[in-house]
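Reminder, nothing fancy here: chain letters follow the sequence lines and each chain counts from 1.
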Protein chains: 2
Amino acid sequence: MTSVEEPARPGERIRDAARTRAEILDVATQEFARAGYDGARVDEIAARTRTTKRMIYYYFGGKEQLFTAVLERAYGVIRQAEQQLDVDHLDPVAAIRRLAELTFDHHEQHPDFIRLVSIENIHGAQHIAGSEKLGKMGSPALDVIRRILASGQESGLFTADVDAVDLHAMISSFCFFRVSNRHTFGALFGRDLLDRGQRAHYRAMLGDMVIAYLTAERTAD
Amino acid sequence: MTSVEEPARPGERIRDAARTRAEILDVATQEFARAGYDGARVDEIAARTRTTKRMIYYYFGGKEQLFTAVLERAYGVIRQAEQQLDVDHLDPVAAIRRLAELTFDHHEQHPDFIRLVSIENIHGAQHIAGSEKLGKMGSPALDVIRRILASGQESGLFTADVDAVDLHAMISSFCFFRVSNRHTFGALFGRDLLDRGQRAHYRAMLGDMVIAYLTAERTAD
DNA sequence: TCACTAATGTACGAACCAGTACGTTAGCTA
DNA sequence: TAGCTAACGTACTGGTTCGTACATTAGTGA
């Protein structure tokens with residue numbers, strides 16, 4: 001997250017709406033990701049900020065709206081990263097593998113985001129439903145997948161009947177699960193899915209899986 | 001869940017420790033799955049039971065231990081279902097597909113369990129870590145996977161270097177994600193992963209994916 | 001049938017926590 | 001430089017919520 005850090009001489013009351021707002025969002029992101037929506041404490045967020053609880057209500061209106069704002073910014077970061085995707089110069093197989101790997105990397109690098117999404121799912125995605133910003137936000141990654149799929153299917157490399165949203169779900173599920181279920185999986189099977197030494201292994205496994213699926217001759221559907 | 005339902009004539013105070021305990025567990029499972037750990041209300045659980053809050057503390061000690069007990073029972077149900085797995089009479093390819101489909105079905109049929117696991121992950125799997133019962137509980141499904149893999153690799157049908165735990169993670173991730181991320185995925189991509197009309201499609205997709213991965217010639221590792 | 005204990009109910013307390021009433025000040029602009 | 005307002009701080013409240021002290025009764029074994 002874009003952390004805002006300035007020395008701030010003590011005793012002096014500096015006014016900076018943008019900085020205060022951003023700092024609240026930073027801390028709130030951590031707190032919500034740490035403890036879940038109901039577990040998060042507004043007082044705790046305020047305490048870890050250079051401002052007071054009053055400001056949270058001044059800028060965001062309430063805990064619920066604060067969580068929505070946190071989600072909006074977190075999704076914004078993801079979407080922005082997805083727009084950097086540039087795999088059009090690669091052949092379809094290499095392009096899909098690259099896309100899968102970037103998704104893999106991104107999930108690994110943003111565990112807080114994964115936790116926020118898990119939390120939002122526990123609450124039935126009600127904050128997304130109530131946010132205009134999140135409703136309108138498309139998914140650049142989907143467009144990329146669509147282009148690669150079309151190209152791969154046209155050249156006969158890929159099986160014809162694969163849908164972009166489905167493929168996105170397949171790639172996401174593997175990347176998401178690895179981060180979201182790290183703790184229970186580790187506790188039950190004694191294996192840390194985020195172990196650094198296993199990183200390359202799982203990254204290749206994802207790519208192999210997706211390519212195998214896309215290039216295999218399909219049984220009757 | 002094994003629901004306990006008996007008429008219970010009003011005004012009469014019937015003593016049945018086992019029934020009271022089981023009823024608390026049933027309701028607590030629903031409440032925790034509905035609202036998360038911190039969102040769940042002990043008073044609400046008590047209210048929806050034929051007994052009182054006092055009994056929750058009498059039998060379980062506290063909210064934390066109650067959640068652990070809920071988790072223990074939920075995992076117990078899963079493990080028991082896994083022990084019914086009987087695919088040894090099938091050839092490796094059919095056996096793996098059958099196993100994947102059973103996992104798929106089971107996740108679909110137990111959304112509360114999925115939610116509980118998501119919640120437990122938000123809290124770092126601390127309840128699993130603190131439970132002797134859950135630590136000792138193995139995974140029959142893993143043994144089945146091991147047997148099928150060995151057989152498939154021996155006959156040369158499957159690629160040699162696939163690990164049972166990894167394959168379990170792959171199958172689980174797809175099945176788990178479909179249920180756990182249903183709401184955010186639906187809100188963002190306008191597609192309900194649990195749509196009845198799409199069920200067969202996703203079920204086949206999972207099987208195809210796993211088989212394709214296991215039978216594809218692997219790139220240099 | 002009597003006494004004992006496991007099981008149950010009632011009523012309450014103390015801490016916590018989201019949200020707000022009210023007062024203050026920095027910094028801009030006319 | 002006077003005055004205005006956006007930005008900020010303090011102190012409090014009202015309701016909620018986990019947990020418990022204390023009282024009671026059903027069923028069982030001697």
- Under 3.5 Å: donor-acceptor pair, side chain of A:Tyr213, backbone of B:Met205: no
- ring pair (Phe, Tyr, Trp, His ring centres under 6.0 Å) partners for A:Phe174, two or more places apart: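 Applying ring pair (Phe, Tyr, Trp, His ring centres under 6.0 Å) to A:Phe174 gives none.
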Output side-chain donor-acceptor pairs under 3.5 Å for residues 75-83 of chain B, partner residues at least two apart or in another chain, one line each.
unit_1  : atom_1 : unit_2   : atom_2 : d
B:Arg79 : NE     : B:Gly138 : O      : 2.7
B:Glu82 : OE1    : B:Ser139 : OG     : 3.4
B:Glu82 : OE1    : B:Ala141 : N      : 3.3

- Item | Phosphate-side-chain proximity, B:Thr51 and C:dA7, N/O vs OP1/OP2 below 4.0 Å |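 Indeed not, no polar side-chain atom of B:Thr51 lies that close.
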- Query: Is there a side-chain polar atom (N or O) of B:Thr20 under 4.0 Å from OP1 or OP2 of C:dT8?
  - Reply: yes
Spacing between [X] atom [atom1] and [N] atom [atom2], to the nearest angstrom:
| X | N | atom1 | atom2 | value |
| --- | --- | --- | --- | --- |
| B:Asp16 | C:dG9 | CG | C1' | 17 Å |
| A:Tyr58 | C:dG23 | OH | C1' | 15 Å |
| B:Met55 | D:dT20 | CE | P | 14 Å |
| B:Arg54 | D:dC22 | CZ | P | 12 Å |
| B:Phe67 | D:dC18 | CZ | C1' | 17 Å |
| B:Arg21 | C:dT8 | CZ | P | 12 Å |
| A:Ile56 | D:dA7 | CD1 | C1' | 15 Å |

Donor-acceptor pairs are to be reported for all side-chain atoms of residues 51-61 of chain A against protein atoms at under 3.5 Å, with residues two or more places apart or in another chain.
unit_1  : atom_1 : unit_2  : atom_2 : d
A:Lys53 : NZ     : A:Asp43 : OD1    : 3.2

- Message: Each nucleotide in nucleotides 13-19 of chain C should get exactly one letter: B, S or -. Can you fill that in based on protein heavy atoms under 4.0 Å?
- Response: ----SBB
- Give B:Thr52 one of three labels, base, sugar-phosphate or nothing, depending on what nucleic acid heavy atoms sit under 4.0 Å from its own.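 The answer is base, as B:Thr52 lies within the cut-off (heavy atoms under 4.0 Å) of a base atom.
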- Message: Taking any heavy-atom pair under 4.0 Å as a contact, classify A:Tyr59: base, sugar-phosphate, or nothing.
- Response: sugar-phosphate
- For B:Ser131, check side-chain hydrogen bond (donor to acceptor under 3.5 Å, both in side chains) against everything at least two apart and list the hits. B:Glu72
- Item | Partner set under side-chain contact (heavy atoms from CB on, under 4.5 Å) for B:Glu101, not counting sequence neighbours | B:Arg97, B:Arg98, B:Arg203
- Lys/Arg N to Asp/Glu carboxylate O, B:Arg191 vs A:Asp163, below 4.0 Å: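 Between A:Asp163 and B:Arg191 there is a salt bridge, with a charged N closer than 4.0 Å to a carboxylate O.
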